Number of protein chains: 2
Amino acid sequence: MTTAGSSKHGAAVTMRDVAKLSGVSVSTVSHVVNDKPGARIGKDARRRVQEAVEQLGYRPNVLAKTLSRGTSAFIGLVADEIATTPFAGQIIHGAQDEAWKHGFVLLVANTDGNAAVEDDAIAMMLEHQVRGILYSSWYHREISVPEALHQTDTILVDCFADGSGLPAVVPDEEQGGRTATEELLAHGHRRIAFLNTTTPSPAQTGRLAGYRSALEAAGIGFDPALVLPVAPDQGGGYAGTSHVVDSGASAVFCHNDRVAMGVYDGLRERGLRIPDDVAVIGFDNQDVIAAHLRPTLSTVALPHYELGAAGVRMLLGVDPAPDDEPRLVACPPVLRHSV
Amino acid sequence: MTTAGSSKHGAAVTMRDVAKLSGVSVSTVSHVVNDKPGARIGKDARRRVQEAVEQLGYRPNVLAKTLSRGTSAFIGLVADEIATTPFAGQIIHGAQDEAWKHGFVLLVANTDGNAAVEDDAIAMMLEHQVRGILYSSWYHREISVPEALHQTDTILVDCFADGSGLPAVVPDEEQGGRTATEELLAHGHRRIAFLNTTTPSPAQTGRLAGYRSALEAAGIGFDPALVLPVAPDQGGGYAGTSHVVDSGASAVFCHNDRVAMGVYDGLRERGLRIPDDVAVIGFDNQDVIAAHLRPTLSTVALPHYELGAAGVRMLLGVDPAPDDEPRLVACPPVLRHSV
DNA sequence: CTGAAAGCGCTAACAT
DNA sequence: ATGTTAGCGCTTTCAG
């Protein structure tokens with residue numbers, strides 16, 4: 001029966017209160033509440049302390065604890081627009097879960113890509129004595145590292161900065177492109193179009209490289225005429241449909257799910273059926289799109305959750321960071337009904 | 001010229017270091033770094049301290065500060081699946097921004113709706129001496145309040161618990177439904193179908209009430225035959241299209257954007273054009289859907305960002321909470337091209 | 001104008 | 001087996 005000791009704002013119950021009530025010293029209390037290894041505590045004292053804790057509703061003050069131990073349990077996560085972005089929010093989720101698993105709590109800051117806010121955020125984290133910082137982007141790209149980040153351990157997540165010496169963890173775009181293409185190949189397609197993005201990025205080059213390598217591994221020559229760069233959105237996909245159809249391809253690999261969404265529109269307009277007339281596969285696995293298109297869209301997932309989790313692991317040294325090279329996280333296929 | 005004092009993990013620079021270097025006492029340092037109101041500090045001493053701060057790269061230790069002042073600057077946000085959910089992540093974003101504005105930092109915990117995790121999360125926050133907790137849901141609904149929440153100030157965000165006595169802030173579903181309907185009315189439609197959800201919820205009843213009230217205000221009788229409850233997703237919208245078409249309606253208000261997405265498919269299949277043959281308006285403003293459909297979807301936005309911000313304001317007492325009744329936040333129309 | 005000193009809640013030797 | 005004591009980094013009276 002808890003007598004709600006620390007209710008609301010009445011000065012919180014401290015260790016001293018517990019000590020007094022149970023008739024022992026604070027250090028004894030400290031030992032029992034922390035279940036210290038070499039804890040030589042009498043059976044009776046221990047019980048009394050536990051009862052007092054229960055009765056007063058005592059909660060340790062983590063802040064005091066970290067002050068005294070000199071080591072905080074915070075991990076900072078600065079995000080440009082992650083929280084703003086649908087699926088990329090999983091980075092936070094993954095980091096959160098992994099951090100907790102190791103007894104750390106996440107301090108998240110959304111900067112909206114604003115450099116000033118970013119500096120404030122980092123300063124704030126440093127003032128909170130974070131164990132380290134995860135600096136992340138909502139899409140895979142090269143970034144330039146804010147000066148302040150060098151004042152603590154930092155890991156780049158879903159972004160990288162060659163030459164900065166900072167460890168990074170990013171999606172394996174090439175393997176993703178290969179996986180998508182292989183999926184199409186596995187369904188017997190030989191003439192596969194690729195609606196790539198017009199935007200220079202690791203995704204652009206990586207996915208293309210994967211597409212080529214899958215083709216080559218299957219003994220199919222790379223035909224430049226089958227690749228068309230389009231705006232990486234619904235409009236681009238819609239516009240690119242004619243090229244795909246004219247090229248005589250029986251399947252198309254779209255740079256992302258939004259492009260695929262546009263292709264759906266284009267194909268439908270021409271009375272072509274998916275996947276019978278043309279099979280389509282996307283990339284990103286944006287749930288709101290992929291799972292709700294008709295037919296549902298087969299695609300390759302960006303491993304956001306895993307990126308966040310891996311970032312934390314690297315920061316904590318659980319997972320040693322590879323030298324120099326960013327660590328690659330696999331992009332798994334998500335099979336639905338468009339192939 | 002900063003001589004990077006606190007680089008990496010070398011014992012952080014403390015106030016004492018600054019005091020020593022500038023030849024004053026810690027209390028003086030404290031006064032100048034905090035720019036204390038009644039700060040009678042000599043021009044010279046002040047300068048020396050500032051130089052020392054600069055030179056050593058001193059950063060106050062917030063944890064020590066809160067310990068000493070007894071008042072922490074954390075606000076907890078426990079979310080069921082918000083971070084997991086596309087647009088609802090804006091609740092976090094809004095809360096974050098507003099918290100910062102007042103000098104607080106957010107401690108976010110995703111619980112995935114797991115009660116045990118939830119209890120842990122709340123305990124964690126209490127141990128971090130949070131100023132209060134924002135308990136939020138990823139969609140508007142009634143929840144039952146975890147016991148532990150009563151140990152601190154808490155605000156319910158995008159959810160409510162009648163009789164719990166806890167202040168809540170939720171979207172104004174009825175006004176939203178009215179707004180959507182009015183938009184259709186403004187474009188001359190008189191026969192407006194409503195594809196509502198089959199799921200009992202504040203959204204279901206609220207939006208319906210708004211629909212009716214807009215109709216009545218326009219002198220149009222409510223026709224039950226125009227309202228069809230469907231599964232609140234793409235499939236439901238697709239299936240409901242025939243009812244809409246058969247009813248002879250020239251416009252349809254969809255319970256949410258996913259339903260609208262299905263209606264798009266259904267309409268297209270029948271060769272009907274949007275908005276010429278049938279005008280469509282959604283609800284939720286799920287960006288990935290609404291902004292990328294063709295034509296782009298007019299809809300009503302769920303004010304997630306504002307819910308988060310309002311929650312923080314209520315918690316901090318900036319915005320007094322209305323008694324008993326949840327505070328309603330308006331759902332603004334987002335006009336695009338489907339009406 | 002500035003400094004000494006007493007805490008904030010907790011941990012960690014060191015005594016007993 | 002348990003208590004004492006000295007901090008952790010900072011704020012805040014209260015004296016000089």
Side-chain angles (χ1 to χ4, degrees), chain A residues 5-6 9-50 52-53 56-74 126-130, chain B residues 5-6 9-50 52-53 56-74 126-130:
Chain A
S6 70
H9 284 288
V13 179
T14 86
M15 234 172 192
R16 248 219 299 282
D17 300 325
V18 177
K20 196 172 310 168
L21 179 59
S22 49
V24 300
S25 74
V26 292
S27 56
T28 300
V29 175
S30 174
H31 281 119
V32 359
V33 307
N34 293 316
D35 227 351
K36 272 280 142 120
R40 322 167 141 308
I41 302 293
K43 200 126 191 55
D44 188 55
R46 160 167 275 117
R47 191 186 41 70
R48 295 210 314 283
V49 169
Q50 281 160 343
V53 164
L56 298 172
Y58 167 75
R59 288 198 190 273
N61 179 332
V62 192
L63 274 37
K65 182 179 310 198
T66 71
L67 213 214
S68 144
R69 274 198 327 221
T71 145
S72 116
F74 287 115
L126 259 17
E127 288 173 3
H128 279 82
Q129 320 297 117
V130 292
Chain B
S6 71
H9 285 288
V13 180
T14 85
M15 234 174 194
R16 247 217 302 281
D17 301 325
V18 177
K20 197 172 309 168
L21 180 60
S22 49
V24 300
S25 74
V26 292
S27 52
T28 300
V29 176
S30 174
H31 281 117
V32 0
V33 308
N34 292 318
D35 227 349
K36 271 281 139 118
R40 321 167 144 308
I41 301 294
K43 201 128 189 53
D44 189 56
R46 159 169 274 117
R47 191 186 41 69
R48 295 210 315 282
V49 169
Q50 281 160 345
V53 164
L56 297 172
Y58 167 75
R59 287 195 191 277
N61 179 332
V62 193
L63 275 38
K65 182 178 311 198
T66 71
L67 214 214
S68 144
R69 275 198 326 221
T71 144
S72 115
F74 286 116
L126 258 17
E127 288 174 4
H128 279 82
Q129 320 297 118
V130 292

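Quick note on labels: first sequence line is chain A, next is B, and so on, each numbered from 1. Remember, predicted model here, so these are calculated numbers, not experimental data.
The interatomic distance linking A:Asp17 (CG) with C:dC8 (C1') rounds to 13 Å, in whole Å. Computed from coordinates, the A:Lys20 NZ to C:dG9 C1' distance equals 13 Å when rounded to whole Å. Rounded to an integer number of Å, the gap from CD of B:Glu127 to C1' of C:dT11 is 16 Å.
A rotation axis mapping the C1' atoms of four pairs onto the next four is fitted at both ends of the helix from C:dC1-D:dG16 to C:dT16-D:dA1 over five pairs, and the angle between these axes is 50° to 10 degrees.
The residue among B:Lys43 and B:Gly70 whose nearest nucleotide of DNA chain C lies closer to the 5′ end is B:Lys43.
Shown here is A:Arg16, whose CZ atom has no more than 12 heavy atoms of other residues, nucleotides or ligands within 6.0 Å.
At least one side-chain heavy atom of A:Met15 sits under 4.5 Å from a side-chain heavy atom of A:Ser30.
Contact detail for A:His128 and A:Ser72: the closest heavy-atom pair is O-OG, 3.8 Å.
Among the heavy atoms of the strands, none lies under 4.0 Å from B:Val29.
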Annotated protein contacts, base or backbone, on nucleotides 9-16 of chain D with a non-hydrogen cut-off under 4.0 Å, one of B, S, - each: BBBB----
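Every residue two or more places apart in sequence or in another chain that forms a side-chain contact (heavy atoms from CB on, under 4.5 Å) with B:Val53 is listed here: B:Val18, B:Val33, B:Val49, B:Tyr58.
Within the 3.5 Å criterion, the main-chain N or O of B:Val32 finds no donor-acceptor partner in the side chain of B:Asp35. Judged by distance alone, the side chain of A:Arg59 and the main-chain N or O of B:Glu127 form no donor-acceptor pair under 3.5 Å.
The side chain of B:Ser25 contributes no N or O atom lying less than 4.0 Å from OP1 or OP2 of C:dT2.
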A:Thr28 vs A:Ser25, side-chain hydrogen bond (donor to acceptor under 3.5 Å, both in side chains): CA-CA, chis, key distance, verdict: CA-CA 5 Å; A:Thr28 300; A:Ser25 74; 3.3 Å; yes
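Between A:Phe74 and B:Phe74, the ring planes are tilted. Angles from 30° to 60° get that label.
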